[in-house]
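Single-structure report; data block below.
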2 protein chains.
Amino acid sequence: MRAHSDAPRSRRERPAKPALTRAGIVAAAVEIMRAEGLGKVTMRRLAQELDTGPASLYVYVRNTAELHAAILDELLGTVHVAAADGDWRARLESVLASYTAVLFEHRGLATAALVARPSGEHYLNLVETLLALLDEGGVPSRQAAWGIDLLLQYATATAAEHTTRDESPRVRAQDEWDALSGALRRASDQTHPYVAGLAAEMLSGEPEARLSWGFRTLINGILHTPVPADGSPN
Amino acid sequence: MRAHSDAPRSRRERPAKPALTRAGIVAAAVEIMRAEGLGKVTMRRLAQELDTGPASLYVYVRNTAELHAAILDELLGTVHVAAADGDWRARLESVLASYTAVLFEHRGLATAALVARPSGEHYLNLVETLLALLDEGGVPSRQAAWGIDLLLQYATATAAEHTTRDESPRVRAQDEWDALSGALRRASDQTHPYVAGLAAEMLSGEPEARLSWGFRTLINGILHTPVPADGSPN
DNA sequence: ACCTGAACACCGTTCAAGT
DNA sequence: ACCTGAACACCGTTCAAGT
């Protein structure tokens, strides 16, 4: 409850329509996303929230893709970049897990992140942290430079995988998993001996265990795989 | 030009409207996708192509997501699963490259593939091949079972990354790359020393070289990272 | 059972016209 | 320069009614 304000009394008490700014637009977009999911963050809905028409937004935002990228940049600010303690591997895993958690929380944004990669300050901080940790672990710098992409892409794709299109809740995710698990289990050991033999293994493991194994696998791979000599910048 | 046909003359010469079937619907969807991109494969457009109303499609297809998954199953049939020669690593890479190429060719389908994972016969064949190759390389079976996901997800995500939303051509992809590369190059070596120092390395390498390095990195990681003991099936 | 017209409830984006 | 009403050209999905 606002006590009083210096705003001219000639205005009505309800908050005056604020001037449009890029920051204000992105902030409103984040708010809608938190409240109702990314699927509701449309130009029209956003314009309505800002008490204007959709056309007005195009002064500040090139298109919907750019809007989604801006939302993501904003969210990356909440990634826990200063991981607690433990050796470099543990801290690296922890930062990556935090990044993954942010994307999991806002399902749908991960899919956007794969296509429209962020490039803001928060993203830079994240990359800086990851490079520092890899250096601490003695990972050769060129492998670290290429490896960053692999690690972030894995986290992003994993979050995206668990995103059932926009909202449609548990149902479809379950459907698809059943379809896959059914197909694997039904595989004939005549035509698909490996699949038949390993179906249970392929479907085993808690998501957290698999995510963690994935990170460790990538880190080991990065550690053991030299980047080819060439590498001309492009 | 058809010479003559056994069709009753009472019908007009133009092909009689064929009965709707799931297979026919999927086939028409694939055709539209090949000709105009996945973005044009909409229920309404598809119905128009089949000379009916969109509501009719819902008798055979639950929703748009299921339609996209069906298209993908179809396409997976063109993956070169029987790789030429070379050691198991080379053949493994070649199968994965073929899978990636299919998704690259039909940009946008990769994004769909991350969310709606395929589970058809073609997918099973691909998984069988990959498991056989990993076994040939002496990869412990549990690591292979979990590793498959990593390899296919990497290929899928990489294709998805290069997919600029639907169609909007080179322009935006270039935009985003410039944004990222600009941000990396502009990074201050005071606040982001690692990023500043490694910007060139991070942006280096041809896409093919990076894809190949990614596959090798994953394979090495899978080879070196044991799956935790537990692994209860769920 | 299968099919469909019509409607409901939306979209992104552009552009000429206003201030 | 910034903002906007209105339009253009679409969407997915449902449902009552027909055959």
Side-chain angles (χ1 to χ4, degrees), chain A residues 15-26 28-29 32-33 35-71 108-109 111-112 115-116 163-169 171-172 175-176, chain B residues 16-26 28-29 32-33 35-71 108-109 111-112 115-116 163-169 171-173 175-176:
Chain A
K17 181 179 162 183
L20 285 178
T21 60
R22 193 177 204 275
I25 289 169
V26 173
I32 295 174
M33 188 201 59
E36 304 171 53
L38 190 68
K40 291 290 167 60
V41 183
T42 65
M43 293 304 227
R44 295 178 100 105
R45 175 62 205 285
L46 187 51
Q48 181 192 306
E49 206 73 14
L50 292 165
D51 200 16
T52 183
S56 307
L57 303 179
Y58 284 82
V59 178
Y60 303 94
V61 169
R62 200 197 308 270
N63 53 36
T64 307
E66 198 195 283
L67 179 66
H68 285 171
I71 293 174
L109 207 53
T111 315
V115 178
T163 303
T164 317
R165 213 159 304 255
D166 287 332
E167 294 304 279
S168 59
V171 190
R172 270 210 67 72
D175 275 7
E176 265 152 27
Chain B
K17 179 179 161 181
L20 285 178
T21 61
R22 192 177 205 277
I25 288 169
V26 173
I32 294 174
M33 189 201 58
E36 304 170 53
L38 189 67
K40 291 291 168 60
V41 183
T42 67
M43 293 303 227
R44 295 177 101 104
R45 175 61 205 286
L46 187 51
Q48 180 192 309
E49 207 73 14
L50 292 165
D51 201 14
T52 182
S56 306
L57 304 178
Y58 284 82
V59 177
Y60 303 94
V61 168
R62 201 198 307 270
N63 53 37
T64 308
E66 199 195 284
L67 178 65
H68 287 169
I71 293 175
L109 206 54
T111 314
V115 179
T163 303
T164 317
R165 214 158 303 256
D166 288 332
E167 294 303 280
S168 59
V171 189
R172 269 211 66 70
D175 275 7
E176 266 152 28

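Just so we're on the same page: letters track the sequence lines, and every chain starts at 1.
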Nucleotide opposite D:dC3 in a Watson-Crick or G-U pair, distances under 3.5 Å: none
Does a side-chain N-to-carboxylate-O contact under 4.0 Å join A:Arg22 and A:Glu66? yes
Determine the contact category for B:Thr42: base if any of its heavy atoms lies under 4.0 Å from a base atom, sugar-phosphate if only primed atoms, P, OP1 or OP2 are that close, otherwise nothing. sugar-phosphate
Can you figure out which of C:dT14, D:dT14, D:dG12 approaches the side chain of B:Ala55 most closely? D:dT14
Rounded to the nearest angstrom, tell me the gap between atom CG in B:Leu57 and atom P in D:dT14. 13 Å
Quickly work out the B:Met43 CE to C:dC10 P distance and round it to whole Å. 19 Å
Smallest separation among heavy atoms of A:Leu50 and A:Gly24, with atom names: CD2-O, 4.5 Å
How many whole angstroms separate atom OH of A:Tyr58 from atom P of C:dC15? 12 Å
Distance check needed: D:dT4 P versus A:Leu46 CG, whole Å only. 13 Å
Whole angstroms only, please: what is the CG-C1' distance between A:Asp51 and D:dC3? 13 Å
Say we look at C:dC10 and D:dA9: how far apart would their P atoms be, to the nearest angstrom? 23 Å
Using Watson-Crick or G-U wobble geometry with both distances under 3.5 Å, which nucleotide pairs with C:dC11? none
What's the CG-P distance between B:Leu67 and D:dC11, to the nearest Å? 13 Å
Assigned partner base of C:dA17, Watson-Crick or wobble definition, under 3.5 Å: none
OP1 or OP2 of D:dT13 less than 4.0 angstrom from a side-chain nitrogen or oxygen of B:Thr64, does that happen here? yes
Of all the nucleotides listed (C:dT13, D:dC15, D:dT13), which has the minimum atom distance to the side chain of A:Pro54? C:dT13
Rounded to whole Å, CD1 of A:Ile25 lies from P of D:dT4 at a distance of 10 Å
Which atom names give the shortest non-hydrogen contact between A:Ala29 and A:Val41, and what distance separates them? O-CG2, 3.6 Å
Closest heavy-atom pair, A:Asn63 versus A:Met43, reported as atoms and distance to 0.1 Å, is C-CE, 3.9 Å
For D:dC8 and C:dC11, measure between their C1' atoms and round to the nearest Å. 12 Å
Take atom CZ of A:Arg45 and atom P of C:dT13, then tell me their distance rounded to the nearest Å. 18 Å
B:Tyr60 side chain to B:Leu20 backbone, donor-acceptor under 3.5 Å: yes
So, OP1 or OP2 of C:dC3: does either fall under 4.0 Å of a side-chain N or O from B:Thr52? no
Nearest of C:dC3, D:dT14, D:dC11 to any side-chain atom of B:Tyr60? C:dC3
